[in-house]
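Contents: one structure, followed by commentary.
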Amino acid sequence: MKHVVVVGGGFAGLNVVKELGNKRNVKVTLIDKNNFHLFQPLLYQVAMAALNAGEIAYPLRMMLARYRNVTVYKGVVERIDPDEKKVYTDFGSLDYDYLVLACGAKHHYFGHNGWEEHAPGLKTIAQASEIRRRVMDAYEKAERTQDSAEKRRMLTFVVVGGGPTGVELAGSIGEMSRYYLSKYYRNIDPKLTRIFIVHSAPRILQTFSPELSGRATRELEKLGVQVWTCSLVNGIDAYGVQVGNERIEAGTVLWAAGVKASRLPGGSVFETDSGGRVYVTDELSLPGYPDVFAGGDQACFSLEDGTSLPGIASVALQQGRAIGRNILLSAEGKERKAFRYKDKGQMATIGRKMAIAEKGNVKLYGLLAWIIWIGVHVYYLSGVRHRFFVLMQWAWSYFTFGHEARIVNKEWRFYSDLPERAEPAEPTVLHTHPGCSCVSG
Ligand SMILES: Cc1cc2nc3c(=O)[nH]c(=O)nc-3n(C[C@H](O)[C@H](O)[C@H](O)COP(=O)(O)OP(=O)(O)OC[C@H]3O[C@@H](n4cnc5c(N)ncnc54)[C@H](O)[C@@H]3O)c2cc1C
């Protein structure tokens, strides 16, 4: 039996494990710092109070219970030694025959780590909850203050970054302020909310065609979002954002501008690109280390035209499956196969009944794209129960113009994956499933 250690239970790691599940010649150990798989594409809905955290997180043990050769550990991998074939974790060390690195990515503040406190990114449930708290608190503070400048500041939101996540966040705030919140406040008109997307490139959603990117910009403007392109943020503090010579006084600033591959604490001996992703060969192993594989956001898979595959879920999912198949081939002494990515197209949603979708020359926008967006996201969500509840929530919000998940907790002790910050002392129970509970780690 070959021992396969998989680090990370995201889209890549989970699919490696599923591919190896119940195969006779391998035993698998999955290590993740959380005990759940998180469906990140719907995280912005948790941040915007449209869904609850438990609806997009699913316990890894439950997902993998049917695979008798798979053991799941909640723990943090701190260091790896590829020469000794050892993985060092916060609960001890493990030997491996094959190692899979699938630790994903984290936010990148381009050297301004101090901005994180004032402009949280969206990558974890803790961050989504913190964003929800800040957004809802901004309306609470605006409602109770007598100072009109402060009221205006509290009703100003800045999203840094105009990729799909930035667009989804800004569109949701615009929609929430225009359709959902107006009837609940007496001293403010939420419709007067000002929302900015500040983006460094000439257009938002750059990976889409100029036509769809322009369409998205116009739809955002209908929701009250001002799109500032070719604009570089050069300062973020507790009171707003500095964009070149312009100052935006804002109560809430959100970061959706950059990600960097997760770093294995203690350093890594592997060669990485400027985004911290480890280079992989065409069979998804690491150059010089054929028994170590990497996939998803942590891997840099170079293409013939000099570019590399993007950090999106379908790349991670397909690479996870391919790594699993190559490990099985190797374990059987057979030749591994080169990975070929099958482009499934790309999508982004702007708001109610409005999304854009593109695959090759096929470009869709509006209601049809939105329905496809819903179908794809529900299809890929784990668990029948989750799919059912998410669909019900969306249907309820659609017909009632209401977001039921607007409850916010007291301030979370803010933390991220950045090494200099401490993690919270006590784990927080997020959601309870029968016989199993999800906790953030
Ligand atoms: C807000 C948001 C929206 C997105 N929307 C879309 C979208 O609409 N469409 C799309 O295709 N993609 C989208 N993405 C990108 C997509 O989610 C990622 O590309 C995908 O999750 C990458 O999968 P992965 O397995 O590489 O990493 P992840 O899914 O991030 O999983 C990494 C796992 O590794 C674990 N881990 C990390 N470090 C350690 C360690 N040291 N020890 C143990 N465990 C560790 C983490 O806990 C995590 O479970 C979005 C991402 C975000 C954040």
Side-chain angles (χ1 to χ4, degrees), residues 9-11 14 32-63 74 120-140 165 168-169 171-173 175-177 179-181 184 252 254 256 313 349 351-352 370 373-416 424 426-441:
F11 286 100
L14 194 63
D32 197 298
K33 54 186 175 184
N34 295 315
N35 74 339
F36 54 84
H37 168 76
L38 179 63
F39 192 81
Q40 292 173 13
L42 289 180
L43 203 51
Y44 83 96
Q45 297 234 342
V46 176
M48 292 297 123
L51 291 176
N52 281 308
E55 283 151 358
I56 62 161
Y58 205 77
L60 286 164
R61 284 182 198 290
M62 286 178 82
M63 296 178 94
K74 177 179 176 293
L122 183 61
K123 195 74 193 160
T124 64
I125 286 181
Q127 288 164 338
S129 304
E130 174 62 14
I131 289 175
R132 181 195 296 194
R133 186 194 66 77
R134 289 186 189 204
V135 170
M136 300 318 303
D137 261 9
Y139 285 101
E140 296 297 337
T165 302
E168 284 165 355
L169 284 171
S172 297
I173 298 172
E175 192 165 66
M176 196 160 67
S177 60
Y179 300 122
Y180 302 131
L181 295 183
Y184 299 111
T252 312
L254 306 177
T349 177
R352 197 179 146 85
W370 188 66
W373 180 90
I374 289 179
V376 168
H377 282 74
V378 170
Y379 176 78
Y380 282 106
L381 202 58
S382 297
V384 177
R385 181 186 164 282
H386 282 58
R387 290 181 192 141
F388 175 77
F389 277 102
V390 167
L391 266 181
M392 287 300 104
Q393 285 266 28
W394 284 346
W396 182 260
S397 305
Y398 183 84
F399 290 113
T400 63
F401 282 93
H403 278 193
E404 301 304 313
R406 279 200 304 268
I407 293 164
V408 289
N409 212 330
K410 66 178 180 352
E411 190 165 354
W412 283 59
R413 192 163 137 197
F414 193 74
Y415 74 98
S416 77
E426 293 296 325
T428 309
V429 176
L430 301 167
H431 186 70
T432 309
H433 295 267
C436 199
S437 65
C438 299
V439 291
S440 74

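Residues forming a side-chain contact (heavy atoms from CB on, under 4.5 Å) with Phe388 (at least two apart in sequence, or on another chain): Met392. In this structure, the side-chain contact (heavy atoms from CB on, under 4.5 Å) partners of Thr165, at least two apart in sequence or on a different chain, are Leu122, Leu169, Ala256.
Atom OG1 of residue Thr349 and atom CD1 of residue Ile374 lie 8.0 Å apart, to the nearest 0.5 angstrom. Taking CG of Leu381 as the reference point, atom CD1 of Ile56 lies at 8.0 Å (rounded to 0.5 Å). The distance from the CZ atom of Arg132 to the CG atom of Asp137 is 12.5 Å, given to the nearest 0.5 Å. Taking NZ of Lys74 as the start and CG of Asn34 as the end, the distance is 7.0 Å to the nearest 0.5 Å. Atom CG in Leu51 sits 6.5 Å away from atom CH2 in Trp394 (nearest 0.5 Å). One finds the CG atom of Asn35 at 7.5 Å from the CZ atom of Arg61 (value rounded to the nearest 0.5 Å).
Between the side chain of Glu175 and the main chain of Arg352, a donor-acceptor pair closer than 3.5 Å is present. The closest donor-acceptor contact from the side chain of His386 to the backbone of Ala57 lies under 3.5 Å.
Contact of the Ile173 side chain with the Met48 side chain is registered, since non-hydrogen atoms from C-beta on lie closer than 4.5 Å. Put simply, the side chain of Leu14 reaches to within 4.5 Å of the side chain of Met63, judged on heavy atoms. Ile131 places none of its side-chain heavy atoms less than 4.5 Å from the side chain of Val46. Using a 4.5 Å heavy-atom cutoff, the side chains of Leu42 and Glu55 are not in contact. Here the side chains of Pro41 and Trp373 are not in contact, with every heavy-atom distance at 4.5 Å or above. Under the 4.5 Å side-chain criterion, counting only non-hydrogen atoms from C-beta, Phe11 is in contact with His37. At least one side-chain heavy atom of Leu181 sits under 4.5 Å from a side-chain heavy atom of Met136.
Minimum heavy-atom separation, Arg133 to Glu130: NH2-OE2, 2.9 Å. The two residues Gly9 and Asp32 make their nearest non-hydrogen contact at N-OD2, 2.5 Å. What you find for Tyr139 and Ser177 is that their closest heavy atoms are OH-CB, 3.3 Å.
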Quiz prompt | Val135 vs Met176, side chain to side chain contact (heavy atoms under 4.5 Å, CB included): CA-CA, chis, key distance, verdict | solution = CA-CA 11 Å; Val135 170; Met176 196 160 67; 3.7 Å; yes
